[in-house]
Amino acid sequence: MTRYGFYALVTVLLLATPSICHAQAEETASTATTSSETPSIWERDRLMDGWFDCRDQASDKGLDVNLTVINVYQQNFHGGLSTHRKAGRYSGYYNLELMVDFDKLKFIPGGSVYALAGGSWSEGIDGPSVGSLSNVNGGARGYRSIDLLELWYQQRLLDDRIRIRAGKIDLTGGPGDGSSHPMWFDTNAYANCEKTQFLNGALVINPLIPFPEQGLGTVLYISPVDEVYVLLGVADSQADRRTTGFASAFKHDTRVIAMAEVGVTPKFDSPNGPMPGGYRVGMWYDPQPKLTFAGDVKRNDVGLYANFDQMIFKENDDKNDKQGLGVFGRFGLADGDVSPTRQFYSAGLSYQGLIPTRDNDVIGIGIASGCLNRDFGFDRRRETALELFYNVQITPWLMLTPGLQHITHAGGENRDALVGGLRLQVVF
């Protein structure tokens, strides 16, 4: 899709949304009969509607394939480094996923294989226009045609009390849905997905955690009792997502980052049913040599983090209905000798279905702030990012998200920035 094609599609969608919503609200008996036979383009889960039923047939046999394309347009309206440079304003990426379920294939009970390939375009506007530490576009990946980003095998044991994942993995990421079986670190129900939630990198993941790129590693999940889990992981700290990972993982000087997380996932009672939550604490150990502010080399970097999300208001008593208000927060503590940011805080609110008849739309507001180490030459003690977004689900396969960000003391300098943007997601 070209830049001008993207603009044209956004314009058409904005003009069409009121009529689409009105048409969805006015269901007649005849349309109901038609939709029960063949979903209309506005009702189907994916644009291509299962590729002539091939997807559904493959899924029944244990093969799931998904293709998602994300396009982002951002502009720095005020302050920052520049308001005129057009470099990086248009960015995006695509993900092609394959999941093989060995249970359905009757091959290995509890086993599965996952592969993720993807490409991207543009580094985003942060470098040329904003100059922040947090990155106003957490989904920008640079210019890549296609890379095999993940390829791992997972085994579930003891009624899913134990999960083991090994291969080329991503220690972060996660579903962003408050999963009670997290296989990623620092996941969060309301602030963990740059595709549908916040776009600023500091509101997607804790920036103090030295997550490596996708490389060889292993993650172990243990849930000794309901609503309690322990997550342990090791991965190649020198990984390059553009490679298979074998070259760096098995060198004589290979260094492995280790992470541990303990979490509880309670569900508090309310008049409209249980409200899910997640509370996590974790630590990391990174043996890589790092330069201190004094120019010395220090090894064995250790840090701590905490993370929570909690639904605090639920609209309906349907257990599958996620409409309501949620709150989230993060905290990080790093070694001030090697980390330019010593402490990190973030918090915010997310509401699904705030506007009547728009049950799947999500609005979110969040703030993230890092306490900067002035020994590294920063002029200011903090950089703070404030973001507001509204994710419009035009159809189940099409989402449009306008957003606004304000960065205070971008890059630790005496400059602010005001960034606006649009994100378009299409699920094929």
Side-chain angles (χ1 to χ4, degrees), residues 6-7 9-10 13-14 17 21 68-78 80 88-93 124-126 129-130 132 134-140 173-178 187-207 309 311-313 322-330 346-355 358-369 383-408 410 416-427:
F6 173 66
Y7 299 155
L9 180 56
V10 168
L13 292 173
L14 288 174
T17 297
C21 297
T68 304
V69 178
I70 308 290
N71 284 281
V72 177
Y73 177 80
Q74 287 183 301
Q75 183 174 346
N76 182 32
F77 296 126
H78 173 76
R89 287 185 179 180
Y90 181 79
S91 66
Y93 56 95
I125 67 169
D126 210 294
S129 298
V130 182
S132 73
S134 57
N135 194 348
V136 296
N137 187 349
D177 62 359
T187 187
N188 193 284
Y190 305 114
N192 203 84
C193 181
E194 66 276 11
K195 297 188 292 293
T196 60
Q197 299 171 337
F198 295 97
L199 194 57
N200 190 286
L203 289 165
V204 175
I205 206 73
N206 193 323
D309 58 74
M311 177 177 276
I312 58 176
F313 171 71
K322 297 182 179 180
Q323 292 184 76
L325 177 64
V327 60
F328 71 88
R330 280 189 171 98
S346 68
L349 300 169
S350 177
Y351 200 115
Q352 178 175 325
L354 179 63
I355 298 177
R358 302 299 305 166
D359 295 347
N360 294 314
D361 291 358
V362 177
I363 185 171
I365 184 169
I367 186 170
S369 183
E383 178 188 272
T384 301
L386 177 66
E387 180 174 356
L388 173 68
F389 75 88
Y390 186 83
N391 183 26
V392 183
Q393 188 183 88
I394 299 174
T395 74
W397 53 266
L398 184 64
M399 297 183 188
L400 181 67
T401 310
L404 191 65
Q405 299 181 45
H406 184 268
I407 314 299
T408 304
D416 297 349
L418 180 64
V419 178
L422 283 173
R423 174 180 59 205
L424 182 70
Q425 173 177 306
V426 183
V427 180

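Only heavy atoms go into these numbers, but all of them, side chains included; no hydrogens, no water, no symmetry mates.
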If you measure from [atom1] on [X] to [atom2] on [Y], what distance do you get to the nearest 0.5 Å?
X: Asn71; Y: Tyr73; atom1: CG; atom2: OH; result: 13.5 Å
X: Leu354; Y: Leu325; atom1: CG; atom2: CG; result: 9.0 Å
X: Leu422; Y: Gln74; atom1: CG; atom2: CD; result: 9.5 Å
X: Asn188; Y: Arg330; atom1: CG; atom2: CZ; result: 4.5 Å
X: His78; Y: Ile407; atom1: NE2; atom2: CD1; result: 12.5 Å
X: Gln393; Y: Asn391; atom1: CD; atom2: CG; result: 8.0 Å

- Message: Under a 3.5 Å threshold, yes or no: a donor from one side chain and an acceptor from the other, between Asn200 and Gln405?
- Response: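 Indeed, the side chains of Asn200 and Gln405 share at least one donor-acceptor pair under 3.5 Å.
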Review point. Just checking, is any N or O donor in the side chain of Asp416 or Thr408 under 3.5 Å from an acceptor N or O on the other one?
Key: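 Side chains of Asp416 and Thr408: no pair found under 3.5 Å.
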Q. What's the verdict on side-chain contact (heavy atoms from CB on, under 4.5 Å) for Leu424 and Val69, showing C-alpha distance, side-chain angles and the deciding distance?
A. CA-CA 8 Å; Leu424 182 70; Val69 178; over 6 Å; no
What is the minimum heavy-atom distance between [X] and [Y], and which atoms define it?
X: Ser350; Y: Val362; result: OG-CG1, 3.4 Å
X: Ala368; Y: Leu203; result: CB-CD2, 4.0 Å
X: Asp309; Y: Tyr190; result: CB-CD1, 3.7 Å
X: Ser369; Y: Thr384; result: OG-OG1, 3.1 Å
X: Tyr390; Y: Asp361; result: OH-OD2, 2.8 Å
X: Ser91; Y: Asn137; result: OG-ND2, 2.9 Å

### Query
Hey, mind stepping through Asn192 and Gln197 against side-chain contact (heavy atoms from CB on, under 4.5 Å) and telling me if it holds?
CA-CA 7 Å; Asn192 203 84; Gln197 299 171 337; 4.2 Å; yes
Exercise. Go through the steps for Leu386 and Leu404 under the test side-chain contact (heavy atoms from CB on, under 4.5 Å), then give the verdict.
Key: CA-CA 8 Å; Leu386 177 66; Leu404 191 65; over 6 Å; no
In terms of relative ring orientation, are Phe198 and Phe389 parallel, tilted or perpendicular, with 30° and 60° separating the classes?
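Rings of Phe198 and Phe389: perpendicular, as their planes differ by over 60°.
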When you measure from the side chain of [X] to the backbone of [Y], do you find a donor-acceptor pair of N or O atoms at a distance under 3.5 Å?
X: Asp126; Y: Ser132; value: yes
X: Asn135; Y: Gly201; value: no
X: Arg423; Y: Lys195; value: yes

**Prompt:** Hey, mind stepping through Arg358 and Val392 against side-chain contact (heavy atoms from CB on, under 4.5 Å) and telling me if it holds?
**Reply:** CA-CA 8 Å; Arg358 302 299 305 166; Val392 183; 3.6 Å; yes
